[in-house]
Amino acid sequence: MTIDDDVAKLAKHVRSTLGEGPFLRVDGWQHMGAVICDAVLQQARHYRHWVLPRVEDLQSAWPDARTVTRFRARAAEGELSAVLRTTNRTKLSAIVAITDLLARSRVETRDELRAWLQKDGSRSALLAVHGVGPKTVDYLGSLVGGAHVAVDVHLRAFARQADVGVTTYHQLRRVYEETADRLGHDRGGLVHAVWNHMSANVGAQPPASSPKNTKGGLDIP
């Protein structure tokens with residue numbers, strides 16, 4: 001069985017389950033502190049009940065931390081743990097390390113981050129941060145409007161329903177990317193549609209990207 005076979009299976013399942021679309025790309029946060037914290041906190045956490053309230057609290061407490069430099073300055077004051085209501089050292093350290101990396105790379109805004117992620121070496125630099133894996137990197141890109149596919153438990157379950165044969169992260173990401181391209185859908189839009197469908201009855205991880213709510217955060221249907 002080839003990748004093309006799996007793409008055909010997934011495309012058929014998308015049509016029969018989700019219809020013909022269109023599946024529009026949706027943006028994430030505008031606040032860079034929220035982008036970085038969301039990308040790290042979402043790992044193995046219930047998004048609606050644990051991650052989202054903390055990221056919204058961050059935005060409310062630090063409304064000026066919209067750029068990497070301003071967020072870095074705020075985090076350096078030592079209040080990040082209190083604002084996010086977590087003492088998880090691995091996650092807090094990863095947030096600081098990603099922020100430092102972006103600052104050194106002269107990335108300040110979501111548009112600059114989206115562009116930086118396309119450069120050679122950016123992905124490997126993020127993966128070198130302790131606690132950051134491929135899904136976190138892809139999810140980070142999706143939070144700033146990039147066409148990234150972050151393969152989570154819902155996307156894996158949808159692929160199993162379609163009888164997709166591949167199982168590794170990179171293979172499944174490629175199958176989703178090629179399926180979106182073959183069907184003429186935005187990659188982020190298709191992933192969001194799949195996540196919404198699969199999470200209708202089971203709450204788990206956040207979608208690859210989510211529409212903004214009135215607070216400037218994420219609204220998970």
Side-chain angles (χ1 to χ4, degrees), residues 1-31 34-35 38-39 42-43 46-48 51-52 55 110-111 113-115 117-118 123 133-221:
M1 183 175 294
T2 67
I3 288 289
D4 282 344
D5 294 328
D6 282 332
V7 170
K9 288 180 177 180
L10 188 60
K12 180 179 179 181
H13 191 48
V14 167
R15 286 196 181 101
S16 64
T17 306
L18 305 178
E20 298 295 334
F23 307 122
L24 303 178
R25 180 182 300 185
V26 287
D27 287 333
W29 306 96
Q30 299 293 327
H31 185 288
V35 169
D38 191 335
Q42 57 80 27
Q43 304 167 11
H46 192 293
Y47 191 76
R48 293 185 183 92
V51 179
L52 180 57
V55 179
R110 56 179 279 125
D111 290 342
L113 175 54
R114 187 168 61 248
L117 286 169
Q118 303 303 313
R123 188 179 186 88
K135 179 186 166 220
T136 300
V137 177
D138 289 325
Y139 182 64
L140 182 66
S142 73
L143 286 172
V144 293
H148 295 254
V149 173
V151 180
D152 71 349
V153 293
H154 288 327
L155 269 67
R156 286 183 177 277
F158 191 81
R160 286 195 298 271
Q161 289 179 359
D163 197 28
V164 169
V166 298
T167 58
T168 70
Y169 181 89
H170 294 292
Q171 289 173 326
L172 280 171
R173 184 179 64 189
R174 180 182 170 189
V175 169
Y176 270 99
E177 290 172 344
E178 293 192 14
T179 298
D181 294 347
R182 179 176 297 188
L183 294 177
H185 298 311
D186 176 84
R187 291 177 177 180
L190 175 61
V191 167
H192 184 248
V194 169
W195 192 93
N196 276 337
H197 171 75
M198 295 302 292
S199 65
N201 298 311
V202 180
Q205 297 294 317
S209 57
S210 307
K212 295 177 289 181
N213 65 16
T214 56
K215 294 183 179 180
L218 305 184
D219 179 27
I220 314 301

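Reckoned from all heavy atoms, side chains included, excluding hydrogens, waters and symmetry mates. On a predicted model such as this, the values are computed, not experimentally measured, just so you know. All residue numbers in this chain count up from 1 along the given sequence.
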Testing Gln171, His170, Arg156 for side-chain contact (heavy atoms from CB on, under 4.5 Å) with Val151, which one passes?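 In the set Gln171, His170, Arg156, the residue that makes a side-chain contact (heavy atoms from CB on, under 4.5 Å) with Val151 is Arg156.
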Shortest non-hydrogen contact from [X] toward [Y]:
| X | Y | value |
| --- | --- | --- |
| Arg123 | Pro134 | NH2-O, 3.6 Å |
| Tyr139 | Ala150 | N-CB, 3.7 Å |
| Asp138 | His148 | O-CB, 3.2 Å |
| Asp163 | Lys9 | O-NZ, 3.2 Å |
| His185 | Glu20 | CE1-O, 3.1 Å |

Donor-acceptor contact below 3.5 Å, side chain [X] vs main chain [Y]:
| X | Y | result |
| --- | --- | --- |
| Asp6 | Gly165 | yes |
| Arg110 | Leu143 | yes |
| Gln42 | Ala39 | yes |
| Arg114 | Gly146 | no |

Interatomic distance, [X] atom [atom1] to [Y] atom [atom2] [nearest 0.5 angstrom]:
| X | Y | atom1 | atom2 | result |
| --- | --- | --- | --- | --- |
| Tyr169 | Asp152 | OH | CG | 9.0 Å |
| Lys12 | Leu183 | NZ | CG | 13.5 Å |
| Asp38 | Thr136 | CG | OG1 | 10.5 Å |
| Lys135 | Arg173 | NZ | CZ | 13.5 Å |

Find out whether [X] and [Y] are in side-chain contact, i.e. whether some heavy atom of one side chain is under 4.5 Å from a heavy atom of the other.
| X | Y | result |
| --- | --- | --- |
| Glu178 | Asp4 | yes |
| Val175 | Ile3 | yes |
| Val55 | His31 | no |
| Leu140 | Leu113 | yes |

Is there a side chain to side chain contact (heavy atoms under 4.5 Å, CB included) between Leu172 and Leu155? Walk through the geometry before answering. CA-CA 9 Å; Leu172 280 171; Leu155 269 67; over 6 Å; no
Partners of Tyr176 by ring-ring contact (aromatic ring centres under 6.0 Å, His included), sequence neighbours excluded? none
Could you work out, with salt bridge (Lys or Arg N to Asp or Glu O under 4.0 Å) as the rule, every residue matching Asp181, not counting sequence neighbours? Arg187
Does the plane of the ring in Phe158 sit parallel, tilted or perpendicular to the ring in His13? Use 30° and 60° as the thresholds.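 Because their plane-to-plane angle lies in the 30° to 60° range, the rings of Phe158 and His13 count as tilted.
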